[in-house]
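Remember, predicted model here, so these are calculated numbers, not experimental data.
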Amino acid sequence: MKQLITILKYALLLALSGLLMWYAVRGQDLSRIGEYVRDANYFWLFVTMVLSVLGYLSRAYRWKMQIDPTGYKASYWDVYHAMMVGYLANMVLPRMGEVIRCSVLRRSSGVPVQVSLGTVIAERVIDVLVLLGLLGATLLLEFDKFWSFVMGLLTDNYESFAAYRTTLLAIAAISLLLLLMGAYALLRNLERLRQNAFFNRIVGLARGLLSGVFSVLKLENKGVFLLHTLFTWLVYYLMDYLAFFAFPETYTLSMMAALAVLTFGAFGMAAPVSGGIGTFHIMVQATLLVYGVSKEAGIAYALVVHGSQTLLVVLMGGISFIMSMVKSGRMARRKAVSLAVATTADVEQG
């Protein structure tokens with residue numbers, strides 16, 4: 001039953017992605033979109049894919065830098081392969097890729113899942129801070145363009161928000177009350193909970209997560225870590241900017257437009273849907289619309305950029321999956337041999 005529920009959950013997420021894609025292209029000239037896709041200059045898409053490879057290599061090194069201070073050692077390539085398998089998993093299982101890559105790393109290098117997952121959480125917190133900074137810079141530098149866009153959205157949605165204002169406030173109040181009651185119950189029964197084995201397991205997991213999260217504070221070279229973070233986001237920016245040259249309608253767009261596409265496209269990729277399918281396309285299309293790009297050209301740009309990066313992740317993630325399975329198989333055989341040798345020695349001594 002549990003497996004059926006899981007299958008249905010991911011089927012619904014895939015259906016949601018399909019629905020969002022339909023929403024992104026509905027009412028548009030599909031033949032015109034097809035022409036944009038066919039006539040794109042794929043040389044620039046190839047350049048963005050090369051840059052993307054460099055970005056993945058840099059992200060893997062940054063993750064290794066976070067893992068090292070935790071006291072567990074993993075080779076660079078084990079970290080890289082685990083990360084790429086996680087990205088591949090995210091194409092189908094939204095947000096589960098983070099757990100899967102930690103599981104792969106445990107099998108290949110012995111790093112506990114809760115520790116590596118803590119480093120992933122820290123990584124995500126840093127990326128969110130960078131993204132919020134980019135959002136602030138985009139809205140500040142392109143204030144005039146986005147002000148009318150935002151105000152239009154608020155005006156269109158004000159009446160619907162006002163109609164449900166009482167309900168929304170009631171839900172918020174009830175949620176806050178339940179949170180406070182839960183915190184009070186936890187503090188009141190803390191000593192009793194400490195005697196519970198399941199609670200202690202949760203505490204142990206939380207400590208492992210915190211160890212990973214605070215690994216950033218123990219980095220030997222924080223400057224290098226910062227450079228890798230900046231380089232990764234520079235790669236993302238250049239990917240979006242260079243892809244402009246692949247289409248006539250985006251060819252003349254400014255570098256500020258690329259910053260806006262990067263920012264809002266990243267929010268689309270962060271949505272809990274398979275590989276950002278649908279949400280990325282809608283966000284990028286809407287952003288390019290602000291800069292005067294037609295809906296057809298905007299969705300074609302999003303389709304080609306997202307498609308090329310998805311193809312790259314499938315290729316690199318597939319190779320990493322094979323390499324990880326080979327490494328895990330070798331480690332399993334070594335453990336089996338060691339166990340057999342130890343058992344034989346015990347028998348001989350007995």
- [ ] Verify the neighbour count for atom CZ of Phe267: are there more than 12 heavy atoms of other residues, nucleotides or ligands below 6.0 Å?
- [x]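 Yes - once you tally the heavy atoms of other residues, nucleotides and ligands closer than 6.0 Å, there are more than 12.
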
Tell me whether [X] shares a hydrophobic cluster with [Y], the cluster being built from Ile, Leu, Val, Met, Phe, Trp, Tyr side chains joined at under 4.5 Å.
| X | Y | answer |
| --- | --- | --- |
| Met255 | Leu288 | yes |
| Phe225 | Tyr76 | yes |
| Leu315 | Met91 | no |
| Met83 | Ile100 | yes |
| Met96 | Val313 | yes |

Is the backbone N or O of [Y] less than 3.5 Å from a side-chain atom of [X], with the two atoms forming a donor-acceptor pair by type?
| X | Y | result |
| --- | --- | --- |
| Thr263 | Leu259 | yes |
| Thr48 | Met239 | no |
| Asn90 | Gly97 | yes |
| Ser52 | Met49 | no |
| Ser109 | Ala74 | no |
| Glu296 | Ile33 | no |
| Thr138 | Leu134 | yes |

Open item on the list: Can you tell whether the side chains of Arg107 and Asp78 come within less than 4.0 Å, N to carboxylate O?
Closed with: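 Here Arg107 does not pair with Asp78 in a salt bridge, since their nearest N and O are not under 4.0 Å apart.
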
Task: Arg32 with Glu249: basic N within carboxylate O range, under 4.0 Å - done: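 A salt bridge is present here (some side-chain N lies under 4.0 Å from a carboxylate O).
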
Open item on the list: Test side-chain hydrogen bond (donor to acceptor under 3.5 Å, both in side chains) on Ser108 and Ser324; report intermediate values, then the result.
Closed with: CA-CA 7 Å; Ser108 62; Ser324 297; 5.8 Å; no

TODO: Specify whether Trp233 and Tyr236 have parallel, tilted or perpendicular ring planes, treating 30° as the upper limit for parallel and 60° as the lower limit for perpendicular.
DONE: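 Answer is perpendicular, since the angle exceeds 60°.
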
TODO: Scan side-chain atoms only and decide if Arg106 and Tyr72 contain a donor-acceptor pair under the 3.5 Å cut-off.
DONE: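 The answer is no; no qualifying pair exists.
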
- [ ] Run the ring-centre check on Tyr36 versus Tyr301 and record whether the distance is less than 6.0 Å.
- [x]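 Centroid distance Tyr36-Tyr301: not below 6.0 Å, so no.
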
Open item on the list: Suppose we call two aromatic rings close when their centres sit under 6.0 Å apart. Are Phe245 and Phe43 close by that rule?
Closed with: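 So the answer is no for these two rings.
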
